[in-house]
Number of protein chains: 2
Amino acid sequence: MKKSSPTIRDVAAAAEVSVATVSKYMNNTQRFSAPVEAKLKAAIEQLGYRSNPLARSMITGKTRTIGLAILDIRNPHFTNIVKGANRIAMQNDYTLLLVDTEESQERERQLIEALAQRVDGMIVSSRMPEEAIQWMIDLNKPVVLFGRTRELPIPSVGTDSHLAAYMLARHLLNEGHRHVAYLGFGQSRWNAERIRGVTECFQEAGLTIDVHDAHAPSAQAGEHACSAIMLAPKRPQAVICYNDLIALGFMKEARALGFKLPDDVSVVGFDNVPYGEYASPALTTMDLQSERMGEVAMQKLLDVLAGHDGNGEYSLLEPRLIVRESTRRREVGAEPVSLPTSKPRRKA
Amino acid sequence: MKKSSPTIRDVAAAAEVSVATVSKYMNNTQRFSAPVEAKLKAAIEQLGYRSNPLARSMITGKTRTIGLAILDIRNPHFTNIVKGANRIAMQNDYTLLLVDTEESQERERQLIEALAQRVDGMIVSSRMPEEAIQWMIDLNKPVVLFGRTRELPIPSVGTDSHLAAYMLARHLLNEGHRHVAYLGFGQSRWNAERIRGVTECFQEAGLTIDVHDAHAPSAQAGEHACSAIMLAPKRPQAVICYNDLIALGFMKEARALGFKLPDDVSVVGFDNVPYGEYASPALTTMDLQSERMGEVAMQKLLDVLAGHDGNGEYSLLEPRLIVRESTRRREVGAEPVSLPTSKPRRKA
DNA sequence: GTGAAAGCGCTAACAA
DNA sequence: TTGTTAGCGCTTTCAC
């Protein structure tokens, strides 16, 4: 029942040794004579002493803490990253501190700058364009980024978005889809690559795709964008969404508009978030290895911190197609794409 | 291009003033003469000085940081709490630090103890029984808990689980369900109240319920538990799940077993997680105001920190029923509950 | 194996 | 308005 926590001096007094001795004992940096060790142990136990990490950090300059900045804690893609990063951090006796920048660029910089002062290194997921990111280097803290940088020498990790998009497009092509739309999210650093992957694949087949943009990487935005795509004169046979959240929202609204999924329209996404599996129809998606991304980023950062440099600048993970039920094989060229296969009706 | 960050002394030297002056300038605790202010501003700008929050905290004893411990960052219920807590924290110029205890009680205590030393106060979501929670008080930091404590004087917030369960049961009753199962999660501090709420409501109608237990509060666990309930001799007309995640998993597996939802079985959950809305059929659920819980908890903690005591010990939020499509009205007593209404068939 | 002393970067009286 | 001084709780030489 103490008012405030005991300090190292209280322990030293109680154990009748010097503070230096206590410090060494706490840090296991030396061996002790039996009597001293016994007294130390007793005093610490009895006082309930726990050393103050702030004071410790002031001297050592290390906090054994890593900062992770993500764009939206509600997006399962990011929580998977957190899980992965956290696992590696714990294994190495580091604590992970999280901030949610809430897709806001002003907040982003401010929060990251504040966090950077309390940690040994940072992992950040950002929407800022590369040109606007120099300040991160000036933070004087090791940083690992999600998404490759071209100019700036910042280590980073990501999953091959171009390849992922190409694979997904190929799958749709194989299933017989010819008229495909891409519903992207322009502010993402991955969006351009995904468009490129899809476009290339379709170009090889002599086809083009329609590109649309959602106003956010969220289910709501997917709902919002749906009608303009599905009710347009040339309705697509399949739509590739920037991520699973958008896809989920899109599917919900498409159903509300009276379309049958996947018969009337196939929908796919990226990320392989857990809830895609529980939707109906279960969502076909590209697994981008979110959790592994977190692991790799953390390991990279820890390596830098330990001085083991030379572990490359950019780590690229391999995507994997997860086929579920949200796409349907089509007879090539069999139907006029502008007519629904079943009569849409508005829901109550 | 400095090796290590400039200190307050560097600024003092550059601006030709004392460190105390710099400190006061940084903290806006005083007015300055124009020339001094100008020199200060210039020096700080030129050196890129940012004060070290660790050193500051050592003296003030405050970190302007709040720790939040949650059980699983993958559960949208908790991410909603985080969102709410974060909003209030930011409004009050506090930083929120998050740890994910991953549903592990050993980790829980260890992580929370570590975090407690770096923050001004803690908000914690725990599976520990009340008896095992005394140590949190000994942390010497203000704590707010989710879930009421009976003995310990710890401020807490929660949503009325008993009422929520009662309401949900009443709704099912009104729809004509007579044979209902509850699929709970025994380790949760809310579980007992939910059982009580459901049981009471059905007792009033002269009915009883079957109680089952999932091994985790996750979709996987819901899938896992499904067959034992749905393939038993007395199949329920409706099942109330401990949370939406379990409900989502249950629905997926039920469908895989060949049941039609909600015709063959109605399913409901608690929490109102975002993905319930995007499932099909969309999940009927009790909104427990997760986000508001986070807000209230943070506000409570901030109040304690500010010395505004007396804001009650336990804040109870009101639940709200969200009716969607996962339940179906039944003809009372019309059908023998032991036979499926449509013939189950195994899916490929 | 143990202790004395010098700070880490900063704030908070108190003087000037 | 500005400066001096004494630490916050701890680690780290460097003597003993």
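Naming convention: chains lettered A, B, ... in sequence-line order (proteins, then strands); numbering from 1 in each chain. These numbers come from the heavy atoms of this one structure, side chains and all, not from hydrogens, waters or symmetry mates. Please read all numbers here as calculations on a predicted model, not as lab measurements.
- Listed pair A:Arg56 / D:dC10 fails the phosphate criterion, with no side-chain N or O lying under 4.0 Å from OP1 or OP2.
- The nearest whole Å value for the distance from the CD atom in B:Gln30 to the P atom in C:dC14 is 16 Å.
- Atom CE of A:Met58 and atom C1' of C:dG7 are 9 Å apart (whole Å).
- When rounded to the nearest whole Å, the span between OH of A:Tyr49 and P of D:dC10 equals 3 Å.
- B:Ser23 comes within contact range of at least one nucleobase, with a heavy-atom separation under 4.0 Å.
- In this structure, CD1 of B:Ile8 is placed 12 Å from C1' of C:dA12, rounded to the nearest angstrom.
- Inspection of the B:Lys300 and B:Ser315 side chains reveals an N or O donor paired with an N or O acceptor under 3.5 Å.
- With distances taken from any side-chain atom of A:Ala55 to the nucleotides C:dG9, D:dC10, D:dG3, the minimum falls on D:dC10.
- Regarding B:Ile59, its CD1 atom lies at a distance of 12 Å from the C1' atom of C:dA13, rounded to whole Å.
- Residue A:Asn52 places no side-chain N or O under 4.0 Å from the OP1 or OP2 atom of D:dC8.
- Checking the phosphate oxygens (OP1, OP2) of D:dC8, a side-chain nitrogen or oxygen of A:Arg9 falls inside 4.0 Å.
- For B:Glu130 and B:Arg150, the salt-bridge test fails: no basic side-chain N is under 4.0 Å from an acidic carboxylate O.
- Comment: B:Arg74 does not engage B:Glu102 in a salt bridge, judged by the lack of any side-chain N to carboxylate O separation of less than 4.0 angstrom.
- Between B:Gln117 atom CD and D:dC8 atom P the separation is 18 Å, expressed in whole Å.
- Counting non-hydrogen atoms under 4.0 angstrom, A:Ser51 reaches the backbone sugars and phosphates but no base.
- Listed nucleotides: C:dA5, D:dG3, C:dT2. Nearest to the side chain of A:Val19: C:dA5.
- Residue A:Ser33 has its side chain nearest to C:dG1 when only D:dC10, C:dG1, D:dT2 are considered.
- Here B:Thr29 lies out of heavy-atom contact (under 4.0 Å) with every strand.
- The residues B:Glu291 and B:Arg87 are annotated as salt-bridged, a charged nitrogen and a carboxylate oxygen being separated by less than 4.0 angstrom.
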(request) Would you please test B:Asp72 and A:Lys83 for salt bridge (charged side-chain N to carboxylate O under 4.0 Å, His left out) and show each step? (result) CA-CA 9 Å; B:Asp72 178 15; A:Lys83 274 284 192 230; 3.0 Å; yes
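- In this structure, A:Lys62 places its NZ atom 14 Å from C1' of C:dC8, rounding to the nearest Å.
- Distance NZ (A:Lys24) to P (C:dG3): 8 Å, rounded to an integer number of Å.
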